[in-house]
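Heavy-atom basis, side chains included; hydrogens, waters and symmetry copies ignored. By convention in this document, chain letters (A, B, ...) are assigned in the order of the sequence lines, proteins followed by strands, and residues within each chain are numbered from 1.
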There are 2 protein chains.
Amino acid sequence: MAYRKTPAEIQRLESAREHLVTRATDVVAEVGWSGASVTAVADAAGIAAGSVYQHFASKAALAVEVFRRATGHEVDVLESVLNGSGTPVERLADGVRVFARRALESRGLAYALLAAPADAAVGAERLVFRRRYRALFAEVIREGMAQGLLPPQNGEVTAAALTGAIGEVLVAPLGSPEDDDQDILAELTAMALRCAGAAPSSARP
Amino acid sequence: MAYRKTPAEIQRLESAREHLVTRATDVVAEVGWSGASVTAVADAAGIAAGSVYQHFASKAALAVEVFRRATGHEVDVLESVLNGSGTPVERLADGVRVFARRALESRGLAYALLAAPADAAVGAERLVFRRRYRALFAEVIREGMAQGLLPPQNGEVTAAALTGAIGEVLVAPLGSPEDDDQDILAELTAMALRCAGAAPSSARP
DNA sequence: GAAAGAAGTGAACCATCATTCATAGTTTCC
DNA sequence: GGAAACTATGAATGATGGTTCACTTCTTTC
């Protein structure tokens with residue numbers, strides 16, 4: 001008499017939700033938050049608009065999930081690089097490089113996550129993640145200072161600056177059309193090291 | 001028979017428009033773009049909602065005017081400082097300091113202009129002004145390089161980074177509550193100089 | 001296979017605001 | 001003073017897009 005979801009059914013629902021989040025992310029990457037209406041997202045996922053509400057209480061909740069998923073992944077990657085091997089300065093350079101490369105490889109999504117106008121809930125979430133980025137950078141800078149590789153400074157300020165600087169450089173339609181991503185990457189990394197006060201060319205080759 | 005606006009009438013209309021822009025700016029500074037509905041703005045200016053359309057073709061046009069007015073002023077101030085007296089490095093430091101101080105003095109407005117979610121027209125305008133900030137910084141950096149005060153670098157990238165870094169530091173609710181604006185200002189300026197690669201303490205005292 | 005419980009559907013609903021417009025009020029000019 | 005030209009008003013209008021819900025379709029259980 002009692003109806004209980006069979007494991008297969010639970011699995012199916014779970015992957016339907018997953019699929020929705022994935023496709024919603026695609027839509028956001030392509031047309032930005034503003035273009036990602038419930039209808040558009042539902043269409044992309046191949047379900048009815050109403051069905052979105054089987055998985056999420058509101059559009060905002062879905063948007064937040066999309067943001068968390070994508071950004072969380074980037075934070076994890078950055079964290080593992082920043083806590084990897086090498087001197088703090090080398091790790092900082094690697095972190096910036098990896099972060100920027102990934103962003104340049106999927107510009108649409110990067111723009112949506114970093115800068116595009118978004119609804120309030122996503123905006124709030126952005127602040128949370130910015131703080132996490134900042135904390136990660138701040139820690140490496142602290143280590144660099146402790147080891148005498150970086151000059152004394154307010155690590156929080158530098159970390160915030162790095163976060164902002166990287167975002168701006170990646171998002172701004174810089175100078176000449178397609179100014180060669182390789183160049184941008186190199187310049188950005190060099191800038192980040194200067195910003196933290198690293199001695200010139202103390203980074204990994 | 002013909003009706004011609006008398007000078008006094010023209011004056012009255014002009015200052016009504018002015019008053020509207022001013023009050024709209026206040027509203028935006030207080031509650032952000034999202035809270036600045038036509039009704040709210042009209043109320044603040046003491047006129048009816050419909051009257052807004054005597055002065056502006058659309059809400060977006062008013063928003064753009066508010067943004068241009070406020071941001072244009074900041075750009076002018078920055079420009080005059082960056083083109084002032086002293087070495088390029090000193091001027092860069094002064095520019096960052098002045099810009100940041102002004103932003104900290106009216107945080108609400110600064111946030112609205114720099115970072116707050118805004119409608120598309122304002123977003124587009126923001127890009128335009130960001131480019132102007134970038135150009136201003138880039139010029140000083142170029143001069144610094146020419147005079148051998150700054151190391152070789154892609155000035156556009158550094159300039160974009162500075163723009164982003166300053167914005168982020170100013171907008172982020174940094175670390176400890178009220179971390180003393182004076183400190184933030186000093187650290188931010190120091191960071192900017194490092195970022196451009198200036199030799200330590202080559203700035204004005 | 002049939003009843004019960006869920007999930008899926010999509011058209012209708014509704015809230016929010018920007019915008020309009022019929023009306024009222026002002027200013028100009030003879 | 002009064003006609004003409006214009007400005008101000010604010011309630012009504014309309015567009016957008018998230019959310020609901022009566023109904024259909026699918027799953028489970030016996």
Side-chain angles (χ1 to χ4, degrees), chain A residues 1-21 23-24 27-28 31-67 116-123, chain B residues 1-21 23-24 27-28 31-67 116-123:
Chain A
M1 202 216 284
Y3 175 104
R4 281 181 53 81
K5 290 175 192 162
T6 186
E9 183 67 359
I10 291 175
Q11 173 62 30
R12 191 183 64 78
L13 285 173
E14 179 56 26
S15 67
R17 189 188 141 109
E18 207 65 19
H19 182 238
L20 173 57
V21 173
R23 303 311 298 269
V27 173
V28 169
V31 299
W33 299 103
S34 60
S37 65
V38 170
T39 312
V41 165
D43 283 356
I47 62 177
S51 302
V52 167
Y53 294 82
Q54 298 284 345
H55 302 287
F56 294 94
S58 68
K59 179 190 174 168
L62 168 57
V64 165
E65 180 74 18
V66 166
F67 180 88
D119 93 12
V122 171
Chain B
M1 200 215 286
Y3 177 105
R4 281 182 52 81
K5 289 173 192 164
T6 185
E9 184 67 357
I10 291 175
Q11 174 62 31
R12 190 184 64 78
L13 285 174
E14 178 57 26
S15 68
R17 188 187 140 109
E18 206 64 20
H19 183 238
L20 172 56
V21 172
R23 302 312 296 270
V27 172
V28 168
V31 299
W33 300 102
S34 60
S37 64
V38 171
T39 312
V41 165
D43 283 356
I47 62 177
S51 303
V52 167
Y53 294 83
Q54 298 284 342
H55 303 286
F56 294 94
S58 66
K59 180 191 173 169
L62 168 57
V64 165
E65 179 76 17
V66 166
F67 181 87
D119 95 11
V122 170

Just the rounded figure in Å: distance from P of D:dA5 to CD1 of B:Ile10.
18 Å
Without decimals, in angstroms, what is the distance between A:Glu9 CD and D:dT27 P?
7 Å
Minimum heavy-atom distance A:Pro117-A:Trp33, with the two atoms named
O-CD1, 3.4 Å
For DNA chain C, which residues in residues 49-58 of chain A have a heavy atom at a distance below 4.0 Å?
A:Gly50, A:Ser51, A:Gln54
If you look only at distance, which donor and acceptor atoms sit under 3.5 Å apart when one is on a side chain in residues 47-62 of chain B and the other is two or more places apart or in another chain?
residue : atom : partner : partner atom : Å
B:Ser58 : OG   : B:Ala60 : N            : 3.4
B:Ser58 : OG   : B:Ala61 : N            : 3.1
B:Lys59 : NZ   : B:Ala36 : O            : 3.1

Counterpart residues, salt bridge (Lys or Arg N to Asp or Glu O under 4.0 Å), relative to A:Glu18 (two or more places apart)
A:Arg69
Contact list please: residues 40-48 of chain A against DNA chain C, heavy atoms, distance less than 4.0 Å, in numerical order.
A:Ile47, A:Ala48
Could you give the CZ-to-P distance, from B:Arg4 to D:dC6, as a whole number of Å?
11 Å
Rounded to the nearest 0.5 Å, what separation is found between the CZ atom of A:Arg23 and the CG atom of A:Asp43?
11.0 Å
In terms of side-chain heavy atoms of A:Arg12, which of C:dC29, D:dT7, C:dA7 is nearest?
C:dA7
Using whole Å, report how far NE2 of B:His19 lies from P of D:dA8.
13 Å
Expressed in angstrom and rounded to an integer, what is the separation of A:Glu14 atom CD from C:dA6 atom P?
19 Å
Polar pairs (N or O, both sides) under 3.5 Å between protein and nucleotides 12-17 of chain C?
none

Taking all non-hydrogen atoms of both residues into account, name the closest pair between B:Ala121 and B:Asp119 and its distance.
N-OD1, 2.8 Å
Taking only residues two or more places apart in sequence or in another chain, which ones pass salt bridge (Lys or Arg N to Asp or Glu O under 4.0 Å) with A:Glu14?
none
Nearest whole Å is fine: how far is D:dT7 P from B:Gln11 CD?
15 Å
Atom of B:Val27, atom of B:Ala44 and distance for their closest heavy-atom approach
CG2-CB, 3.5 Å
